[in-house]
Q: 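My questions will all concern the structure given below.
A note on names: the letters A, B, ... follow the listed sequences, proteins ahead of strands, and every chain is numbered from 1. Any value given below was found using the heavy atoms of this structure, including those in side chains, with hydrogens, waters and symmetry copies removed.
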Amino acid sequence: GAVVSQHPSWVICKSGTSVKIECRSLDFQATTMFWYRQFPKQSLMLMATSNEGSKATYEQGVEKDKFLINHASLTLSTLTVTSAHPEDSSFYICSARAGVVLAGSYEQYFGPGTRLTVT
Amino acid sequence: AQSVAQPEDQVNVAEGNPLTVKCTYSVSGNPYLFWYVQYPNRGLQFLLKYITGDNLVKGSYGFEAEFNKSQTSFHLKKPSALVSDSALYFCAVRDDSSYKLIFGSGTRLLVRP
């Protein structure tokens, strides 16, 4: 149980285009989803927290107009990188927190990640 | 503010030997501490957590971690390393109000045959 999927697993796009990444909780309802960014050989940096039905909360330094987050349902959150540039190339990971206690705690369950390459 | 530190960028150990990956934390309240493992081009896999209770926490794949309040440490350990344990390990602390996870910088574990 508690599986989180991401789609696509990898994507290559041209500079200036937009790309959407989906994060789904497959077998539980996620009231909160988190989006992280990871540069090569570096740690995960939290980009934003999204709660179902409300606007995402962005971390300091993250451009909300560039990284659009939509948490439209209890099982789906999307991250859209708008007008992508090569510096946006990174590994994007989402996590989902259940709205009820799973396995004894309100844990975060991580997706497998999406590698974005902007050419 | 909550934070964790992983002082070692890389840990090298021979297969069959015990391993330790270090983590120290700084929190303003009760610590909620986690260890995750990441294999290349993959997301994070949960290993273990400390919320309360016994200071020695047992987790997945034979890993365990010892919570030490006086030293503010939460080191990850395994009695006998496997080559397949080679991966990137992250220590994290959870913010009690927002449930955000704050990650350490990561430690690459290399287990040589």
Side-chain angles (χ1 to χ4, degrees), chain A residues 1-11 21 23-25 30-51 56-60 62 90-99 101-117, chain B residues 1-11 21-25 30-54 57-60 86-110:
Chain A
V3 177
V4 176
S5 69
Q6 279 184 244
H7 178 80
S9 55
W10 59 271
V11 58
I21 301 170
C23 177
R24 293 182 184 272
S25 56
T31 54
T32 305
M33 289 186 172
F34 302 87
W35 286 95
Y36 297 85
R37 182 174 182 178
Q38 185 182 30
F39 291 104
K41 299 184 179 181
Q42 293 190 26
S43 188
L44 281 75
M45 299 300 296
L46 179 64
M47 298 175 66
T49 303
S50 76
N51 292 295
T57 302
Y58 290 82
E59 296 298 300
Q60 191 172 6
V62 178
S90 191
F91 194 53
Y92 293 88
I93 302 174
C94 73
S95 70
R97 184 177 75 86
V101 175
L102 286 181
S105 65
Y106 294 96
E107 293 303 337
Q108 283 188 39
Y109 301 93
F110 284 82
T114 297
R115 182 159 302 283
L116 169 64
T117 301
Chain B
Q2 323 269 40
S3 67
V4 290
Q6 294 181 244
E8 304 155 316
D9 290 336
Q10 182 162 314
V11 169
V21 182
K22 295 180 180 178
C23 173
T24 58
Y25 65 89
N30 293 322
Y32 295 89
L33 298 163
F34 300 78
W35 275 102
Y36 288 88
V37 60
Q38 185 182 33
Y39 295 96
N41 295 309
R42 299 294 297 275
L44 271 66
Q45 295 180 32
F46 170 78
L47 282 179
L48 50 81
K49 69 185 178 202
Y50 173 83
I51 303 296
T52 187
D54 291 340
V57 179
K58 294 189 181 296
S60 306
S86 299
L88 189 57
Y89 290 81
F90 290 101
C91 181
V93 62
R94 189 179 76 193
D95 182 276
D96 201 19
S97 59
S98 69
Y99 288 89
K100 294 179 186 179
L101 286 175
I102 296 100
F103 287 89
S105 55
T107 298
R108 187 165 300 281
L109 174 65
L110 181 60

Q: Select one option (side chain, backbone, both, neither) describing which atoms of A:Leu44 are under 4.5 Å from chain B's heavy atoms.
A: both

Q: Quick check: does any side chain N or O of A:Ser43 sit under 3.5 Å from a backbone N or O of B:Gly104, one acting as donor and the other as acceptor?
A: yes

Q: Measure B:Tyr36 against the heavy atoms of chain A and call it side chain, backbone, both or neither at under 4.5 Å.
A: side chain

Q: So what's closer than 4.5 Å to chain A heavy atoms on B:Leu88: side chain, backbone, both or neither?
A: side chain

Q: Could you check whether any side-chain N or O of A:Ser25 sits under 3.5 Å from a backbone N or O of A:Ala96, counting only pairs where one atom can act as donor and the other as acceptor?
A: no

Q: Using non-hydrogen atoms and a 4.5 Å limit, figure out which bit of B:Phe90 sits close to chain A: side chain, backbone, both or neither.
A: side chain

Q: Using heavy-atom distances under 4.5 Å, tell me whether A:Gln6 contacts chain B through its side chain, its backbone, both, or neither.
A: neither

Q: With a 4.5 angstrom heavy-atom cut-off, is it the side chain or the backbone of B:Gln38 that approaches chain A, or both, or neither?
A: side chain

Q: Without hydrogens or angle criteria, can the side chains of B:Ser105 and B:Gln6 be said to hold a donor-acceptor pair below 3.5 Å?
A: no

Q: Only one of A:Tyr92, A:Tyr36, A:Phe34 passes ring pair (Phe, Tyr, Trp, His ring centres under 6.0 Å) with A:Phe110; say which it is.
A: A:Tyr36

Q: For the pair A:Ser95 (side chain) and A:Tyr109 (backbone), establish whether a donor and an acceptor sit closer than 3.5 Å, ignoring hydrogens and angles.
A: no

